[in-house]
Amino acid sequence: MIDPADYGDFETAWCPGCGNFPILKAVKTVLAGAGIAPHQVLFVSGIGQAAKTPHYLNANFFNGLHGRALHVATGAKLANPELVVIVESGDGCTYGEGGNHFLAALRRNLDLTLIVHDNQIYGLTKGQASPTSEEGFVTKAQPEGVQQEPFHPLATAVALHGGFVARSLSGMADHMVEMIRQGIAHKGFSLIDILQPCVSFNKVNTFGWYKKRCYELPAEYDPTDWEAAMKTAMSWGEKIPVGVIYQNDRSDYAARLPVLKAGPLVGRKTAPAVLGRILSRYL
Amino acid sequence: MIDPADYGDFETAWCPGCGNFPILKAVKTVLAGAGIAPHQVLFVSGIGQAAKTPHYLNANFFNGLHGRALHVATGAKLANPELVVIVESGDGCTYGEGGNHFLAALRRNLDLTLIVHDNQIYGLTKGQASPTSEEGFVTKAQPEGVQQEPFHPLATAVALHGGFVARSLSGMADHMVEMIRQGIAHKGFSLIDILQPCVSFNKVNTFGWYKKRCYELPAEYDPTDWEAAMKTAMSWGEKIPVGVIYQNDRSDYAARLPVLKAGPLVGRKTAPAVLGRILSRYL
Amino acid sequence: MVETCNILIGGEAGQGLVTLGQLLARCLVRSGYRIVVTQIYQSIIRGGHNTFSIRVGTEEIEAPRRAVDLLIAMNEETIRLHGGRLTEKGVTIVDESVELICDTCIKVPFKELAEPRFFNVVALGVAGSLLGLKKELICALLDELFARKKPEMAEMNRRVLSKAFEWCGKHTGVSVSLPAIADPQKRIMLNGNEAIALGALSAGLRFCAYYPMTPSTSIPMTLISTAKETGILVEQGEDEIAVINMALGASFAGAPAMVATSGGGFALMTEGVSLAGMTETPIVIVVAQRPGPATGLPTRTEQADLEMVLHSGHGEFPRVLFAPGSVEECFHLTRRAFETAERYQGPVFLLTDQFLADSYRAVDPLGVEELPFPEPGTDPAVVASPYRRFVLTEKGVSPRLLPGKSSHLVVADSDEHDEAGHITEDLALRSRMVEKRLQKLGGLLHEAVPPDYAGSSLPELLFVSWGSTKGAVWEAASRLREAGRDVAALHFSQIWPLVPRQFLGKLEGAREVIAVEGNATGQFSRLLRRETGFEIQREILRYDGLPVTPEYILDVIEKL
Amino acid sequence: MVETCNILIGGEAGQGLVTLGQLLARCLVRSGYRIVVTQIYQSIIRGGHNTFSIRVGTEEIEAPRRAVDLLIAMNEETIRLHGGRLTEKGVTIVDESVELICDTCIKVPFKELAEPRFFNVVALGVAGSLLGLKKELICALLDELFARKKPEMAEMNRRVLSKAFEWCGKHTGVSVSLPAIADPQKRIMLNGNEAIALGALSAGLRFCAYYPMTPSTSIPMTLISTAKETGILVEQGEDEIAVINMALGASFAGAPAMVATSGGGFALMTEGVSLAGMTETPIVIVVAQRPGPATGLPTRTEQADLEMVLHSGHGEFPRVLFAPGSVEECFHLTRRAFETAERYQGPVFLLTDQFLADSYRAVDPLGVEELPFPEPGTDPAVVASPYRRFVLTEKGVSPRLLPGKSSHLVVADSDEHDEAGHITEDLALRSRMVEKRLQKLGGLLHEAVPPDYAGSSLPELLFVSWGSTKGAVWEAASRLREAGRDVAALHFSQIWPLVPRQFLGKLEGAREVIAVEGNATGQFSRLLRRETGFEIQREILRYDGLPVTPEYILDVIEKL
Ligand SMILES: Cc1ncc(C[n+]2csc(CCOP(=O)(O)OP(=O)(O)O)c2C)c(N)n1
Ligand SMILES: Cc1ncc(C[n+]2csc(CCOP(=O)(O)OP(=O)(O)O)c2C)c(N)n1
Ligand code: SF4
Ligand code: SF4
Ligand SMILES: [Mg+2]
Ligand SMILES: [Mg+2]
């Protein structure tokens with residue numbers, strides 16, 4: 001039996017009231033619930049407030065560079081598919097600096113779980129617009145308001161046939177737990193974009209703002225219907241759907257690679273005789 | 001009157017029969033037809049076979065780094081919106097190395113025309129899979145076939161509300177001309193993904209293969225219908241639609257920036273008195 | 001030795017420390033004092049422990065000081081952490097609830113005087129009163145800050161301030177005397193980043209692209225705050241690669257351009273640096289250093305990216321590196337960077353660090369109204385036809401036209417190219433093009449900013465330093481001289497290219513040479529040896545994330 | 001002097017030049033000869049002008065040669081471009097249609113002998129016959145190439161070959177004699193990139209990530225061709241940033257990892273290099289150089305990225321740079337790179353270039369079956385509890401466990417961290433962590449590969465070189481010695497760290513020292529001065545995209 005407490009209880013560098021706290025708690029709950037021990041899981045993150053999460057967990061972790069978490073995770077998972085690999089980072093880290101890797105991870109469909117703490121702002125650098133900031137959103141850096149279309153992570157994920165695409169809200173504890181649980185259980189790439197109020201720099205998209213708008217997708221919603229999922233993924237504004245927006249059964253990348261059928265790369269060796277045979281081809 | 005010949009006639013480094021030739025010709029035709037003089041246009045490209053295009057044109061050009069054409073273009077266009085800025089590069093350059101910039105350009109909706117020579121392969125580096133290579137596509141680098149979902153540039157563009165999203169085929173001369181013409185005319189970001197047979201390295205997606213599958217979207221097709229466009233953008237396989245898949249009237253980024261209302265940045269000066277006033281605020 | 005008073009404000013993020021510090025500093029500047037501010041903070045939005053120190057003097061000062069004369073402790077931790085730095089007569093301002101026994105504590109009834117959100121104003125009042133600053137001056141400042149946007153806030157602030165002054169007048173005997181200044185000089189208060197932004201504006205900057213990264217971010221933020229009036233464009237990119245490529249595009253088109261970042265972000269730009277070298281596109285690149293490797297200590301200071309910047313980008317091409325030693329130099333060297341980039345058509349760097357970036361100083365009027373700045377590009381009228389963008393010239397510089405601004409066609413190519421700018425595989429031409437680009441070094445050497453020197457010509461001891469450590473080294477040397485030692489200092493604000501004849505005699509003339517650097521391996525000292533053969537035997541290095549102070553240097557010297 | 005025969009095959013891309021060259025080269029190796037191949041090509045798929053040169057000898061040779069003994073001209077242009085390089089007795093093979101008058105031309109009726117797609121086989125036959133190679137040997141090679149996949153092609157090839165041999169026997173009197181080798185040694189034919197790939201496999205590589213970039217691409221391609229048997233994974237990334245981060249993730253998890261790229265791609269990896277330094281993650285990074293800046297000459301050779309690689313990444317951390325001087329060194333130094341990366345936990349570089357990457361050589365058996373390789377990670381059984389990934393140790397190396405492989409928790413942090421790996425703002429600890437990381441240099445210095453030296457100990461002239469120029473310098477020195485001059489050579493295959501006592505005496509002992517480098521600024525020479533103070537006064541530099549040859553050096557020496 002694993003207890004959420006096994007994942008530790010650390011002092012954080014987050015602001016009181018920050019939406020990161022409930023996400024951290026949900027993650028611990030899910031892992032304990034799934035009976036995953038701290039040494040079986042690897043957290044990978046980038047740089048930002050959200051990206052500090054692994055430091056507040058008793059687990060293996062690799063806290064890498066801003067924007068580059070996904071591919072450290074990819075490498076680790078390919079090397080050792082037995083690890084449960086969870087990537088946690090911010091919206092800026094994942095969709096800004098890391099945008100290209102996000103596309104590649106969706107295409108690869110490796111069994112990683114990506115939890116994005118989406119506060120629609122650059123928190124750690126004190127409040128510039130992030131890719132998910134809404135049009136017209138005013139910051140110190142965008143005094144005339146953001147003049148770009150926001151990035152639509154869920155729509156992009158659905159457009160690229162991402163394996164598991166979900167949204168949740170940091171205030172909805174049980175819902176988050178359920179989404180993360182399903183995401184980890186899903187064999188393939190999972191994206192869980194969690195709306196996360198930033199009490200210090202995003203005074204528009206507050207918990208109240210989100211709470212008023214977020215509604216759970218109805219039970220009859222069919223996340224395997226791509227067209228419906230595309231539409232749902234794009235819904236934003238007065239009504240914001242949370243739940244599993246899209247899911248498919250594309251096979252896990254690792255399962256498709258012949259070389260991984262023989263088990264993890266880690267610990268495996270090439271027999272000297274094989275090397276000798278290869279060398280002999282250069283005669 | 002501008003003549004296509006004003007855009008020069010250069011010896012190229014392309015293979016005989018390459019799908020790049022008709023695209024080059026179409027571009028010249030469009031520019032001449034639109035009465036755009038060589039000195040009014042700026043071509044920006046990255047690195048690859050497609051990216052050599054500007055060298056075969058008598059025009060202003062900036063042949064930059066692999067993957068980085070779009071933002072050189074963005075900078076130039078922001079500095080001088082009077083330039084007609086056309087970006088030409090390959091699928092690897094634009095959707096692989098340059099994937100993150102592609103997302104950003106779609107969101108920004110600056111009035112650039114992006115022509116992608118999409119041969120579904122890395123040509124210049126001799127035949128590795130590109131982001132648009134199909135699943136199962138076998139190359140020297142992917143001897144077991146590509147095991148990833150291909151990148152869907154058009155679907156991604158539609159999902160991010162790209163201003164003008166079109167597909168054409170290198171063999172369809174008039175169609176290309178029409179797409180490029182509309183793309184340049186469109187005020188906002190235009191993507192024209194041109195299927196381009198690579199006779200040296202892509203022996204699957206040949207001209208014949210494309211020709212058999214490509215059909216023009218019917219006249220009644222409504223490119224302003226986002227949902228229909230999403231579906232159309234994803235059609236691939238036995239039938240591949242060419243034409244304007246999606247178009248909207250989001251305003252051009254440059255037009256939204258207060259600072260550009262006064263004209264191009266280039267040539268403008270800050271009055272010394274203004275500087276003095278600013279400095280005095282630090283008293 | 002310069003008589004100065006060192007004020008340290010300590011507390012946690014979110015307590016209004018920086019506002020308090022800035023107001024106090026500005027008030028001091030308006031009163032005619034010189035200041036050097038040191039900001040030390042953590043990578044955290046609320047909590048943690050931050051300090052804002054102001055060293056104040058009547059004469060010019062450029063270095064921070066360790067010893068503290070006035071400690072404004074916004075919490076107990078501040079006393080625990082910095083109490084030891086108090087001078088003998090040092091005074092502490094702290095809330096009355098704090099139980100610490102300290103002789104020199106002024107226990108202020110913060111809660112009586114105001115609500116918690118105004119505690120920083122209380123501290124400001126008490127400190128101002130102790131320092132003998134004019135209440136009206138502070139009031140005026142508060143008004144300027146709030147009056148326009150939130151008049152009721154201004155009113156409340158003023159009230160709190162008055163209370164604090166009043167309380168102080170009644171309850172404290174001590175004062176932290178500052179010599180009065182009869183006829184205060186008019187000076188502006190700027191930190192290094194602001195000075196760079198303003199220098200850039202005065203040099204004709206039209207375009208700045210950035211991706212936020214501490215400690216560089218306040219450069220674009222400062223520019224943005226002027227954009228409406230100046231008509232410049234500041235564009236946030238999705239990553240640093242986007243940023244440098246955008247800036248190169250803008251510069252190519254004719255908008256003088258700058259980017260600002262820190263080490264990690266700069267690493268991502270290095271391919272673009274090489275592109276600037278090959279396409280001969282002017283660009284100014286600010287690298288505000290912080291301790292690495294990787295994310296390191298994102299809010300601290302260090303000078304460990306010199307070698308990276310100097311050798312960044314693949315292949316060989318000329319570049320220039322400036323490393324301002326003061327806020328004034330930030331302004332002037334930024335101007336020079338723009339001018340050099342334009343004239344030599346390539347990348348020019350400004351290497352600063354968190355200490356200097358955040359360090360406010362009192363700066364004499366800059367006279368921006370009269371400062372000239374370069375026009376981008378060559379006049380199309382004087383260019384030979386057919387125009388060849390990369391025509392071989394003796395000095396390596398070719399006429400640069402702007403695309404679309406004449407009927408000439410303007411090109412840039414990242415491949416090796418011929419004079420017309422077209423891709424070539426002519427290998428003899430390749431060699432000539434390499435030489436053409438490197439040839440620019442000749443002119444650059446000719447114009448190199450010589451290092452500063454102070455002291456006798458054959459000193460017993462010579463300090464060598466670069467960049468932001470200037471003030472500390474200068475002051476350490478002068479203190480040692482005052483103590484009767486024959487100590488000189490040689491300071492470099494141009495790091496590359498170096499002109500040995502400008503300084504080699506100085507190095508060779510000293511009995512002992514000590515390099516002072518904010519890194520662990522003595523990067524500049526190595527560079528000097530590479531360029532001159534002169535080996536500096538002893539180094540004073542600091543790499544714990546804090547700025548070098550005069551005391552830090554003197555401590556080491558004492559132990560020798 | 002070594003007696004060698006230099007064969008140059010020239011023509012355009014698409015004419016089967018490389019196949020022809022490889023077959024001829026392999027046949028020579030099987031016949032017991034030594035070879036040095038130089039491939040010169042353009043960034044173009046069809047057309048242009050490419051050459052494949054094979055220098056052949058009975059003794060060990062490591063350098064290319066300029067003078068040509070046998071010119072196989074697949075088109076007229078080849079004669080125009082390279083005819084001048086023919087030696088007095090040099091022979092040219094060319095199609096009979098070519099109108100050029102040349103005494104030593106063998107005009108071959110290509111069209112009579114085969115269809116155009118077999119022209120390269122005709123040339124192979126004629127050349128083989130002239131060189132006195134055994135037809136059966138060539139036939140066997142052709143069979144190996146085609147018999148399995150396209151038996152009918154093998155048959156046709158064999159037929160064409162026979163015809164060519166026959167024609168040659170009848171119609172040519174000349175021969176390009178190679179001394180026969182009675183008892184040919186069994187050797188394999190490898191180019192530099194293949195040797196790196198095989199070296200990596202033999203050292204335990206499990207994971208390679210790459211993004212294609214000339215001239216590095218054939219490293220991952222070679223690895224891919226073995227993946228099924230070796231059970232390794234080679235992953236193509238969407239860009240170089242993805243590549244290095246993937247490799248770091250894989251290595252962290254316990255799969256020994258390598259990446260391969262060229263200058264521009266490497267520039268994008270430099271932030272990741274710093275990450276490897278901070279997280280102390282083993283990684284082998286191959287930088288196959290080509291001429292820059294920017295895209296430069298993508299298919300040519302140069303040695304101009306030394307300084308960039310040496311200083312890449314922000315902040316300070318130890319690293320190792322190897323620069324193999326031969327194909328055999330590519331193999332062995334790659335092995336050493338893996339071992340060093342694992343033992344010192346950080347980035348280790350292999351600096352090669354296009355010339356060496358593409359240069360085939362005859363390599364003595366490598367005995368891979370017996371070569372040991374390091375196990376990744378420390379044994380969890382010997383680690384103290386609680387496990388602290390970054391525990392401070394005397395040598396700076398801490399036990400590295402693999403995540404998930406024991407109940408210990410394994411962490412890596414790009415921020416400054418404590419011994420447990422958690423982010424810290426403790427500045428005293430920061431200093432100790434900097435020192436811990438740099439401390440590794442001690443061990444690395446101790447293990448440094450000393451430079452090679454040949455010649456008398458106090459020579460009149462000493463050449464200094466590094467990396468792929470080894471053969472050319474070695475041979476130039478030996479030719480000068482044969483001509484009676486007292487010339488020595490000092491060659492570095494480890495560029496960093498340097499241990500001056502290993503070589504400074506040699507430098508100081510020589511009357512004159514000349515550095516030979518494939519760049520325009522003498523980067524290594526500067527580095528030597530930085531590390532030793534020794535200034536090399538004269539340099540032989542090449543930066544036109546072609547490899548340094550013995551003749552290139554001798555020409556300069558003659559003019560002195
Ligand atoms: C290469 C690089 N560029 C920039 C930064 C500076 N930086 C650190 S965190 C951050 C943004 C964080 O935003 P987000 O990812 O949304 O996380 P949040 O703080 O909002 O949780 C930036 C720009 C960096 N560390 N590295
Ligand atoms: C940073 C960098 N990485 C890799 C390369 C090598 N490279 C040049 S072109 C190319 C791929 C070209 O593919 P694509 O963009 O599809 O163009 P095509 O040749 O197919 O037209 C690559 C990987 C490079 N020049 N720069
Ligand atoms: S700045 Fe925002 S995201 Fe960061 S810890 Fe504070 S509230 Fe949370
Ligand atoms: S390799 Fe392919 S894309 Fe490149 S020129 Fe040849 S046919 Fe065209
Ligand atoms: Mg965020
Ligand atoms: Mg392509």
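Below, read A as the first sequence line, B as the second, and so on, with proteins coming before strands; counting in each chain starts at 1.
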**Report entry** C:R389 vs C:E419, salt bridge (Lys or Arg N to Asp or Glu O under 4.0 Å): CA-CA, chis, key distance, verdict
**Finding:** CA-CA 6 Å; C:R389 169 67 185 93; C:E419 289 182 290; over 6 Å; no
Query raised in the report: Could you walk me through whether B:I192 and B:T113 pass the side-chain contact (heavy atoms from CB on, under 4.5 Å) check?
Result: CA-CA 8 Å; B:I192 303 147; B:T113 304; 3.8 Å; yes
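Top candidate by heavy-atom pairs under 4.5 Å with chain B, chosen from C:L248, C:D239, C:T281, C:T226, is C:D239. Counting heavy-atom pairs under 4.5 Å between each of C:E229, C:R187, C:E375 and chain B puts C:E229 at the top. Between chain C and the residues B:A262, B:A59, B:P38, B:P264, the most heavy-atom pairs under 4.5 angstrom are made by B:A59. The candidate from B:H39, B:H101, B:H71 with the greatest count of non-hydrogen atom pairs under 4.5 Å with chain C is B:H71. Chain C forms the most heavy-atom pairs under 4.5 Å with one residue out of B:Q40, B:K269, B:R281, and that residue is B:K269. With respect to chain B, the highest number of heavy-atom pairs below 4.5 Å among C:P256, C:A253, C:G249, C:S251 belongs to C:G249. Interface summary for chain B: among C:A209, C:S406, C:A227, the most heavy-atom pairs under 4.5 angstrom belong to C:S406. Counting heavy-atom pairs closer than 4.5 Å to chain B, the top-ranked of the candidates C:E369, C:K228, C:E238, C:K186 is C:E238. Of the listed residues (C:I244, C:L190, C:V29), the one with the most heavy-atom contacts under 4.5 Å to chain B is C:L190. Chain C forms more heavy-atom pairs under 4.5 Å with one residue of B:V274, B:V259, B:L65 than with any other, namely B:L65.
Contacts between C:L233 and chain B at a heavy-atom distance below 4.5 Å involve backbone atoms as well as side-chain atoms. For C:T279, the part lying near chain B is the side chain, with the backbone staying farther off; criterion is any non-hydrogen pair under 4.5 Å. Of the atoms belonging to C:E194, it is side-chain heavy atoms, and not backbone ones, that fall under 4.5 Å from chain B. Of the atoms belonging to B:L275, heavy atoms from both backbone and side chain fall under 4.5 Å from chain C. Only the side chain of B:R108 comes within contact range of chain C, judged by heavy atoms closer than 4.5 Å. Both the backbone and the side chain of C:V410 come within contact range of chain B, judged by heavy atoms closer than 4.5 Å. Using a 4.5 Å cut-off between heavy atoms, C:L402 touches chain B through its side chain atoms alone. When heavy atoms are compared at a cutoff of 4.5 Å, B:L83 approaches chain C solely by way of its side chain, counted from C-beta outward. For a residue to count as touching a neighbouring chain, one of its non-hydrogen atoms must lie under 4.5 Å from one of that chain's; by this rule C:L371 does not touch chain B. In this structure, chain C has no heavy atom under 4.5 Å from any part of B:L70. Heavy atoms closer than 4.5 Å to chain B are found nowhere in C:A247, neither backbone nor side chain. Looking at B:F43, there are no atoms closer than 4.5 Å to chain C (heavy atoms on both sides), in backbone or side chain. For chain B, no part of C:Q22 is nearby; none of its heavy atoms comes within less than 4.5 Å. Only the side chain of C:E235 comes within contact range of chain B, with heavy atoms under 4.5 Å apart.
A donor-acceptor contact closer than 3.5 angstrom is absent between the side chains of C:S218 and C:T222. No donor-acceptor contact under 3.5 angstrom links the side chains of C:N191 and C:S359, judged on distance only. Between the side chains of B:T270 and C:R206, a donor-acceptor pair is found at a separation under 3.5 Å.
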Would you be so kind as to tabulate the donor-acceptor pairs closer than 3.5 Å made by side chains of residues 47-55 of chain B, with sequence neighbours excluded?
| residue | atom | partner | partner atom | Å |
| --- | --- | --- | --- | --- |
| B:Q49 | OE1 | B:K52 | NZ | 3.3 |
| B:K52 | NZ | D:S43 | O | 2.7 |
| B:T53 | OG1 | B:A50 | O | 2.4 |
| B:H55 | ND1 | C:H422 | ND1 | 3.2 |
| B:H55 | ND1 | C:I423 | N | 3.4 |
| B:H55 | NE2 | B:N63 | OD1 | 2.9 |
| B:H55 | NE2 | C:D413 | OD1 | 3.4 |
| B:H55 | NE2 | C:D413 | OD2 | 3.3 |

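With values rounded to the nearest 0.5 angstrom, B:F151 atom CZ is found 10.5 Å from B:S130 atom OG.
By the side-chain hydrogen bond (donor to acceptor under 3.5 Å, both in side chains) test, B:H117 is found to be paired with B:N20, B:E88, residues two or more places apart in sequence or in another chain being considered.
For the pairing with C:R400, the side chain to side chain donor-acceptor pair (under 3.5 Å) check across C:E342, C:E280, C:Q345 returns one residue only, C:E342.
For the pair C:R335 (side chain) and C:S202 (backbone), a donor-acceptor distance under 3.5 Å is present. With C:H417 contributing its side chain and C:D415 its backbone, the two residues share a donor-acceptor pair below 3.5 Å.
The existence of a salt bridge linking C:E328 and C:R34 is excluded, since no basic side-chain nitrogen approaches an acidic carboxylate oxygen closer than 4.0 Å.
For B:F102 and B:Y95, the distance between ring centers is under 6.0 angstrom.
Within a 6.0 Å sphere centred on NZ of C:K149, heavy atoms belonging to other residues, nucleotides or ligands number 12 at most.
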